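The structure appears right after this line, and notes come after that.
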Amino acid sequence: MKQFETNKAMDKSSKKKPYNQYNPAIIKQLKQKYGLTTQFIGQSLRGERTSDTSLKICEDYKQMEREINKAIQKV
């Protein structure tokens with residue numbers, strides 16, 4: 001039997017975007033604060049949404065992340 005060579009251009013793994021893992025505790029807090037879905041919050045953080053609310057979500061996420069990192073460094 002003849003083996004087939006894989007074509008890198010057809011490889012799905014080369015087409016995927018790098019996955020950013022967001023802190024689920026922060027996502028949960030943002031969901032409670034804004035009353036929005038986790039899907040919308042994730043899209044906002046990835047830059048797929050550009051509304052005023054999305055920009056506020058991004059700012060809040062960064063602020064919460066900084067505070068968490070500060071608390072971790074103190075320990």
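Nothing fancy with the numbering, it's 1 onward along the sequence. As the structure is a computational prediction, the values presented were derived from the model and not from experiment.
- A heavy-atom distance below 4.5 Å is found between the side chains of Leu30 and Met64.
- Sorted by first and then second residue, the ring pair (Phe, Tyr, Trp, His ring centres under 6.0 Å) pairs with a member in residues 56-75 read Tyr22-Tyr61; sequence neighbours excluded.
- Remark: Glu65 pairs with no residue by the side-chain hydrogen bond (donor to acceptor under 3.5 Å, both in side chains) rule, at least two apart or across chains.
- Of all the heavy atoms in Leu36 and Ile41, the pair that sits closest is O-CD1, 4.3 Å.
- Criterion: ILVMFWY side-chain heavy atoms under 4.5 Å apart, direct or through other members. Under it, Leu55 and Ile27 are not part of a common hydrophobic cluster.
- Note on residues 27-37: pairs passing salt bridge (Lys or Arg N to Asp or Glu O under 4.0 Å), not counting sequence neighbours, are Lys33-Asp60.
- More than 12 heavy atoms of other residues, nucleotides or ligands sit less than 6.0 Å from atom CD of Gln32.
- Few gaps surround CG on Asn69; more than 12 heavy atoms of other groups in view lie less than 6.0 Å from it.
- The structure places CD of Glu48 at 11.0 Å from OG1 of Thr50, a figure rounded to the nearest 0.5 Å.
- Looking at Gln43 and Arg46, their side chains never bring a donor and an acceptor atom within 3.5 Å of each other.
- Cys58 approaches Ser44 most closely through the heavy-atom pair SG-O, 3.2 Å.
- The closest side-chain donor-acceptor pair between Gln63 and Glu67 falls under 3.5 angstrom.
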